[in-house]
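Right, one structure below, let's go through it.
Proteins come first, then strands; the chains are lettered A, B, ... in the order of their sequence lines, and each starts at number 1. These figures come from a predicted structure and were not determined experimentally.
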Amino acid sequence: MNDTARRLVLIDGSSYLYRAFHALPPLSNDDGEPTGALFGVVNMLRATLKEKPDYVAFVVDAPGKTFRDELYPEYKANRPPMPDELRAQVQPMCEIVEALGMPILRVPGVEADDVIGTLAVQAAGDGIDVTISTSDKDFAQLVRPNGDGDGGGIALVNTMSGSRMDSEQAVIDKFGVRPGQIVDYLALMGDTVDNVPGVHKCGPKTAAKWLAEYDSLDGVIAHAGAIKGKIGDNLREALDRLPLNRTLVTIRTDVELEQGPAALALREAHNDALRALYTRYGFKQALKEIGGTGPEQDGAQQARAEQAGMRNTAAGYARTTAADDAELDPALAAAGSYDCVTTQAQLDDWIGRLRAAEEFAFDCETDSLDPMRANLVGLSFSTEPGAACYIPLAHDYPGAPAQLDRDAVLDALRPLLSDPQRRKLGQHGKYDLHVLRRHGVEVRGYADDTMLESFVYNATASRHDMDSLAKRYLGYDTVKYADVAGKGAKAIPFSQVALDDATGYAAEDADVTLRLHRVLAPKLAAVDGLERVYRDIEMPLVKVLERIEANGVMVDGDELRRQSAKLGRRMLAAQQKATELAGRSFNLDSPKQLGALLFDELKLPALVKTPKGQPSTNEEALEAIADQHELPRVILEYRGLAKLRSTYTDKLPEMVNPDTGRVHTSYHQAGAATGRLASSDPNLQNIPIRTEDGRRIRTAFVAPPGRKIVACDYSQIELRIMAHLSGDEGLVNAFASGADIHRATAAEVFGKTIDAVDGNERRAAKAINFGLMYGMSAFGLAKQLGVSRGEAQDYIALYFSRYPGVRDFMERTREQAREQGYVETVFGRRLYLEQIHARNQGLRAGAERAAINAPMQGTAADIIKRAMIDVDAWLSGQADGKGAAPALMVLQVHDELVFEVEANFVETLVAEVSGRMSAAAELRVPLVVDCGIGDNWEEAH
DNA sequence: ACAACTGCGTA
DNA sequence: GTACGCAGTTGTA
């Protein structure tokens with residue numbers, strides 16, 4: 001880079017404000033003014049100023065129509081209006097920008113994009129090096145390298161993600177096309193946010209492919225006839241509008257501006273004004289920087305953050321740029337500097353470092369995603385940001401270097417890993433705990449898990465895998481598994497990855513985990529109540545879940561295979577019958593073929609639509625036409641049988657672990673936003689129960705000889721939580737009386753005595769009770785009960801008049817969601833509702849329903865998690881002298897715990913478990929637990 | 001081989 | 001109407 005060149009930074013203010021608004025939790029200052037977006041933007045601005053540009057402009061959109069609106073009236077018609085919380089932050093942002101000494105540009109009738117484009121090209125022409133700071137990929141069309149003759153370069157930085165594009169190659173790497181092709185690329189794809197439709201089904205890959213082949217949009221248009229398949233048809237349909245698209249996505253570089261780049265010199269900051277603004281919004285870090293009187297900050301934390309190449313972890317987000325990485329943190333930029341430990345001396349050195357560390361991060365590399373089958377291939381550790389090692393143990397490929405003996409290494413590490421006093425941390429450590437346990441190392445002192453920190457901090461903000469967390473909280477792109485091992489059919493086992501590559505990947509995992517913890521832990525601690533959810537519920541649960549998964553459940557494969565055979569025979573009969581009724585054969589598994597048959601050939605009415613507007617063939621649709629033709633019934637019969645067979649009776653026997661002879665599900669602790677667990681591989685939380693055929697599958701979940709299956713479930717737990725949260729006297733009393741709650745509700749609503757309630761009334765009351773917990777509408781209830789909407793409305797009105805506390809609770813919850821942006825459980829777990837202010841009425845209504853459901857579903861999840869921890873602790877103390885447990889916890893199904901129990905221990909277990917489950921929370925209503933006992937899960941209900 | 005879509009099992 | 005995971009088809013890579 002030319003050191004003497006003057007530099008101009010053009011900041012796309014609107015794009016940052018929106019990005020920061022959506023990326024950050026809804027922070028506010030002590031006066032309740034929203035500050036989240038402001039905080040993000042201010043941090044970005046401060047980082048920009050540290051680069052000391054000569055010229056700078058903060059560019060925002062001005063109100064009013066632009067040439068794009070003239071050309072295409074639908075332009076941006078889909079845009080929701082600015083949320084109020086964000087709007088409130090615009091004026092303060094402008095004040096801060098002014099006080100920082102940055103010129104603000106807002107040109108009426110010209111979009112900010114075009115102002116930036118014009119200034120960038122002018123300045124580059126004057127030999128100024130231009131950096132456009134934006135998160136909008138459209139600007140890639142302007143990128144040009146500097147130093148190739150006259151004029152400056154134009155680079156793109158995105159400080160949110162830390163990426164920088166300053167050459168043609170960088171753009172090609174990112175998008176697969178040259179800067180000059182970006183407009184054609186965007187024109188083909190379209191932009192849903194701006195309401196610019198492109199070629200249907202043409203995404204980044206397809207657009208780049210076509211441009212690689214035909215070079216330009218004109219080339220693609222000229223060869224549109226040559227492109228085959230459905231997508232070719234889609235292209236030909238869109239041909240007419242592509243030139244317009246190109247105009248719309250082209251950033252103009254020739255608008256008339258009153259000021260040139262030279263007018264944008266950076267001015268002196270007004271520190272007094274800044275101090276006042278920072279104080280008002282509570283930006284302590286920023287205040288300290290300008291010598292304000294903020295509270296003392298944590299020096300150690302700051303030092304760590306700086307070492308990690310991060311700035312400003314106070315309460316918002318951390319960021320890096322590629323440039324910073326190189327400058328501040330060689331370890332991050334150059335992954336090769338991690339240690340690969342292959343000698344005893346290196347191992348001794350690292351064991352010394354681990355011993356000296358207060359806490360360390362660890363991570364296992366294996367040859368399988370299934371922790372119950374995986375073989376340990378290597379281990380990585382990190383003690384400080386940037387300091388990490390990889391210990392390969394079982395890499396096996398031609399020319400692989402000699403490695404330390406696996407068992408010897410594990411023996412050497414065991415004292416550290418098994419010491420409860422030594423704090424260990426990981427990312428999704430339950431997996432590693434399994435692997436190490438199966439290799440003879442019982443990990444104790446597993447103190448922190450970044451996946452769970454992220455989940456508790458904000459369950460909905462992002463995914464909680466390490467790559468996403470690194471991107472989000474460190475602004476850092478990790479080495480991906482596929483980068484070192486390939487993917488799909490070409491993937492090689494990790495044991496065949498070259499040690500160099502393996503070290504770069506694996507040691508980075510431990511390193512990034514450690515850094516993430518240091519960013520996330522303070523964030524979590526800063527939010528009232530979250531630390532306790534994390535520390536008292538989620539972390540203790542890790543070991544409990546590991547144990548349940550390791551226990552597995554005994555499944556009688558032969559029984560399931562017999563059921564499969566029977567189901568198969570009945571499916572065949574149904575299929576033959578269907579063929580006969582249709583007069584031709586067709587694929588019963590194909591909704592498309594079935595739809596064509598029912599609605600086109602047989603002319604049956606299509607009463608239900610799929611979300612995409614096609615005639616649906618789902619259960620509701622088939623039921624609706626079952627009285628007009630025999631075929632729908634037969635299809636329903638076939639579907640029911642096929643579902644049971646493919647999903648359960650065929651699949652479960654395949655899932656039996658050959659080593660243990662049992663089925664080991666995997667529980668996802670960060671699976672459901674409400675705090676519930678999710679189960680997969682296989683999902684054991686959706687084993688059928690409602691139909692007789694389905695329920696039979698549960699007879700295959702058995703206890704070994706001498707043992708019993710005991711199933712303990714909470715009775716009506718979510719409804720009880722609704723009674724607790726609403727405090728409604730009638731509902732609380734109904735539960736206190738111990739009566740059948742739906743019957744009691746029906747009696748109340750229909751003005752009868754409990755004994756006089758008939759089946760229909762009870763059914764209606766039950767539907768209302770459940771509907772309420774899902775935030776239902778009269779429309780939904782009407783559909784459920786098969787009554788008119790008016791009638792359903794009357795039921796609801798009647799219900800609310802009898803249980804006014806419930807109505808108030810619903811309204812309070814909606815209000816809380818709107819005001820705070822989140823709702824919480826009894827134990828303080830938060831659920832943010834990102835769409836609660838959506839302009840789109842459907843999205844907003846959905847968020848309101850979720851807001852109502854989440855406190856109930858989430859509190860129930862918290863309660864059973866607490867019970868599991870307590871029960872597990874009790875059970876762990878019950879083992880006999882040889883360590884054999886008289887009972888194992890084997891399944892959790894949201895409100896139910898299932899145990900495998902020695903016959904002579906059943907009585908004790910039932911008493912202890914039901915007592916502990918009942919005592920897991922103190923509510924205004926009793927928590928009732930029902931326990932069943934049997935030789936299999938079906939009998940235990 | 002992979003993604004989108006449709007449909008359906010549980011609490 | 002809340003919260004999930006999974007199987008099968010279809011169309012494309």
Side-chain angles (χ1 to χ4, degrees), chain A residues 201-203 205-206 209 227-234 459-460 487-491 587-595 608-622 635-636 639-640 642-648 650-652 655 665-668 671-691 693-695 697-698 713-714 716-719 767-768 770-784 792 796 831 842 845-858 860-861 864 891-896:
Chain A
K201 298 271 180 186
C202 172
K205 299 292 177 206
T206 308
K209 196 184 85 179
I227 293 170
K228 293 191 291 286
K230 186 101 175 180
I231 193 114
D233 294 338
N234 293 342
T460 52
K487 63 174 173 180
K490 290 192 289 281
N587 184 348
L588 278 73
D589 290 321
S590 164
K592 196 175 165 184
Q593 292 181 28
L594 178 61
V608 185
K609 300 272 188 266
T610 68
K612 268 192 68 194
Q614 299 299 308
S616 173
T617 68
N618 68 12
E619 182 173 351
E620 187 194 343
L622 296 184
I635 297 291
L636 285 170
R639 287 239 183 105
K643 173 87 175 176
L644 294 179
R645 196 165 88 128
S646 66
T647 309
Y648 303 105
D650 277 356
K651 201 58 39 134
L652 286 171
M655 301 297 289
T665 183
S666 174
Y667 288 105
H668 305 274
T674 51
R676 267 194 184 178
L677 298 177
S679 158
S680 69
D681 309 293
N683 181 352
L684 296 185
Q685 290 180 324
N686 72 344
I687 303 302
I689 193 168
R690 288 176 193 176
T691 67
D693 286 329
R695 193 157 55 240
I697 291 168
R698 295 190 171 217
D713 70 290
Y714 284 111
Q716 306 293 356
I717 187 167
E718 292 189 15
L719 218 42
I768 297 177
F770 278 104
L772 281 171
M773 292 190 299
Y774 298 148
M776 96 186 148
S777 61
F779 179 78
L781 181 67
K783 212 159 84 169
Q784 172 77 30
I796 294 173
L831 178 77
E848 287 183 5
R849 290 192 298 271
I852 287 181
N853 180 255
M856 293 181 265
Q857 190 182 120
I864 198 165
L891 293 173
Q892 189 255 36
V893 193
H894 305 310
D895 64 358
E896 173 182 6

Rounded distance (Å) that lies between atom [atom2] of [N] and atom [atom1] of [X]:
X: A:His894; N: B:dG9; atom1: NE2; atom2: P; result: 16 Å
X: A:Gln892; N: C:dC4; atom1: CD; atom2: P; result: 14 Å
X: A:Arg698; N: B:dG9; atom1: CZ; atom2: P; result: 13 Å
X: A:Tyr667; N: B:dT10; atom1: OH; atom2: P; result: 16 Å
X: A:Glu896; N: B:dG9; atom1: CD; atom2: P; result: 19 Å
X: A:Arg695; N: B:dA11; atom1: CZ; atom2: P; result: 11 Å
X: A:Leu588; N: C:dA7; atom1: CG; atom2: C1'; result: 15 Å
X: A:Glu718; N: C:dT2; atom1: CD; atom2: P; result: 13 Å

* To do: Decide yes or no for A:Leu652 and A:Ile687: does some side-chain heavy atom of the first lie under 4.5 Å from some side-chain heavy atom of the second?
  => yes

* Side-chain contact test, heavy atoms from C-beta onward, threshold under 4.5 Å: evaluate it for A:Met776 versus A:Ile796 and give yes or no. => yes

For a quick check of understanding: with a heavy-atom distance under 4.0 Å over all strands, which category does [X] fall into, base, sugar-phosphate or nothing?
X: A:Gln784; value: base
X: A:Ile687; value: sugar-phosphate
X: A:Arg676; value: base
X: A:Leu781; value: base
X: A:Phe770; value: nothing

Phosphate oxygens OP1/OP2 of [N]: is one of them under 4.0 Å from a side-chain N or O of [X]?
X: A:Lys592; N: C:dG11; result: yes
X: A:Arg690; N: B:dT10; result: yes
X: A:Arg849; N: C:dT2; result: yes
X: A:Gln593; N: C:dT10; result: yes

* Does the A:Tyr667 side chain pair with the main chain of A:Gln892, one donor and one acceptor, at a distance under 3.5 Å? -> yes

* Asked: Checking A:Tyr774 side chain against A:Ala850 main chain: does a donor-acceptor pair fall under 3.5 Å?
  -> no

* Asked: If the sugar-phosphate is the primed atoms plus P, OP1 and OP2 and the base is the rest, what is the B/S/- string for nucleotides 1-8 of chain B, using protein heavy atoms under 4.0 Å?
  -> -S--SSBB

* Asked: Under 3.5 Å, is there an N or O donor on one side and an acceptor on the other linking the side chain of A:Gln685 and the base of B:dT10?
  -> no

Looking only at the side chain of [X] (C-beta and beyond, no hydrogens), which of the listed nucleotides [options] gets closest?
X: A:Met776; options: C:dG1, B:dA11, C:dC6; value: C:dG1
X: A:Asp589; options: C:dT2, C:dC4, C:dG8; value: C:dG8
X: A:Lys783; options: C:dG1, B:dG9, C:dA7; value: C:dG1
X: A:Ala673; options: C:dC4, C:dT9, C:dG11; value: C:dC4

* ring pair (Phe, Tyr, Trp, His ring centres under 6.0 Å) involving A:Phe770 - partner list, sequence neighbours excluded -> A:His742

* Structure fact -> Sorted by chain and number, sequence neighbours left out, salt bridge (charged side-chain N to carboxylate O under 4.0 Å, His left out) with A:Glu896 holds for none

* Can you list the residues that meet the salt bridge (charged side-chain N to carboxylate O under 4.0 Å, His left out) rule with A:Asp693, with sequence neighbours excluded? -> A:Arg570, A:Arg696

* Structure fact -> In DNA chain B, consecutive runs of at least three Watson-Crick or G-U pairs below 3.5 Å, as range with range, amount to B:1-11 with C:2-12

* Structure fact -> Residue pairs passing the salt bridge (charged side-chain N to carboxylate O under 4.0 Å, His left out) test with at least one member in residues 672-685 of chain A, sequence neighbours excluded, are A:Arg676-A:Glu718

Does [X] have any side-chain hydrogen bond (donor to acceptor under 3.5 Å, both in side chains) partners at least two apart in sequence or in another chain, and if so, which?
X: A:Thr460; value: A:Asn458
X: A:Arg639; value: A:Thr617
X: A:Ser616; value: A:Asn618

* Given DNA chain C, 5'-ward residue of the pair A:Asn587 and A:Ala672, judged by closest heavy atom -> A:Ala672

